[in-house]
Amino acid sequence: MLMFISRCHGLSRWASKDAFETHFGTNHLAHFLLFQLLKTALLKASTPEFNSRVVSVSSINHIMSPVVLDDLDVKKSGYHLHKAYGQSKTANIYLANEIERRYSSQGHLDPAIVKSWDEYGLTKHFKNAAQGAATTVWAAVGKVWGGKGGKYPADCDIPGLIEKADKMHGYVPYAYNEEAAQKLWSLSLQLVSLPQQ
């Protein structure tokens, strides 16, 4: 099992020594590279009883921005930390969906499961630690998820598409943009200096 949980958030414009915008580099590229490095071990560790599983923790903040492939450092559009964070959280969803598309048919790696929690308690009251962890644990070990993935669980449920701008529970249409996810996968391979697959 591999769980991607990071919350690099709220930073002013800053870049890594590799010149990656910090939110994108930490919340997406680091996870992407770790998956690539552990992919063979995950595939080998799968059993018929419990396939290897990848859980990618996103956020309701993905609604702040799609992944803008020609502006990953959020310079062209004018840097805003919420836009940068939102883009990185959308990238988490794309990563999970691409893992599902690329590896679930091999029957060895359970599709990635995207999990989100409302970090600021906007849809309900603030959560205690157990409540905050519940969906992540459910996504990681729940038998219900065997062979299913690319979902967006929140609050131990599967919310739907956000249809109104004021709704803060669910996902936006671009979260499941297959073409953008494929392009981000290819670009991420290039950015971490790995060969195309």
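The basis for the numbers below is simple: all heavy atoms, side chains too, and nothing from hydrogens, waters or symmetry mates.
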Are the side chains of Leu81 and Tyr79 in touch, meaning some heavy atoms are under 4.5 Å apart? yes

Can you check whether Gly86's main-chain N or O pairs, donor with acceptor, with Ser65's side chain at less than 3.5 Å?
no

Give a yes or no answer on whether the side chain of Asn92 reaches the backbone of Asn27 with a donor-acceptor pair at less than 3.5 Å.
-> yes

Starting from Val68, can I reach Tyr94 by hopping between I/L/V/M/F/W/Y residues whose side chains sit under 4.5 Å apart?
no

By salt bridge (Lys or Arg N to Asp or Glu O under 4.0 Å), Lys76 pairs with (sequence neighbours left out) Asp70

I would like to know whether His80 and Val74 meet side-chain contact (heavy atoms from CB on, under 4.5 Å); could you show each step before the answer? CA-CA 8 Å; His80 190 281; Val74 195; 5.7 Å; no

Rounded to the nearest 0.5 angstrom, the CD1-OG distance for Ile99 and Ser56 is 7.0 Å

Are the side chains of Tyr103 and Lys39 in contact, using a 4.5 Å heavy-atom criterion? yes

Heavy-atom side-chain contact between Leu72 and Phe20 under 4.5 Å: no

Find out whether Leu2 and Val55 are in side-chain contact, i.e. whether some heavy atom of one side chain is under 4.5 Å from a heavy atom of the other. no

Rounding to 0.5 Å, atoms CD (Gln87) and CG (Leu184) come to a distance of 8.5 Å

Expected output: side-chain His82 to main-chain Met64 donor-acceptor under 3.5 Å: no

Distance col, row Ile63:CD1 vs Tyr174:OH, nearest 0.5 angstrom, shows 7.0 Å

* Looking at side-chain heavy atoms only, is the closest gap between Lys183 and Leu187 below 4.5 Å? -> no

Q.
Test your reading of the model: is there a side-chain donor-acceptor pair from Glu21 to the backbone of Ala84, 3.5 Å cut-off?
A. no

Sorted by chain and number, sequence neighbours left out, ring-ring contact (aromatic ring centres under 6.0 Å, His included) with Phe32 holds for His28, Trp185

| message | Are Gln36 and Val192 packed together at the side-chain level, in the sense that at least one heavy-atom pair is separated by less than 4.5 angstrom? | response | no

Mind checking whether Lys75 and Asp71 have side chains closer than 4.5 Å, heavy atoms only? yes

dist Glu98:CD -> Ile93:CD1 (nearest 0.5 Å) comes out at 13.5 Å

- request: Count the heavy atoms of every other residue, nucleotide or ligand shown that sit under 6.0 Å from CD of Gln197, and state whether that count exceeds 12.
  value: yes

Tyr85 backbone acceptor or donor facing Ser88 side chain under 3.5 Å:
yes

CZ (Phe24) and CG (Asp73) are apart, to the nearest 0.5 Å, by 10.0 Å

Check your understanding: Can you tell if the side chain of Leu33 reaches within under 4.5 Å of the side chain of Leu194, non-hydrogen atoms only?
Key -> yes

NE2 (His23) and CG (Leu29) are apart, to the nearest 0.5 Å, by 13.5 Å

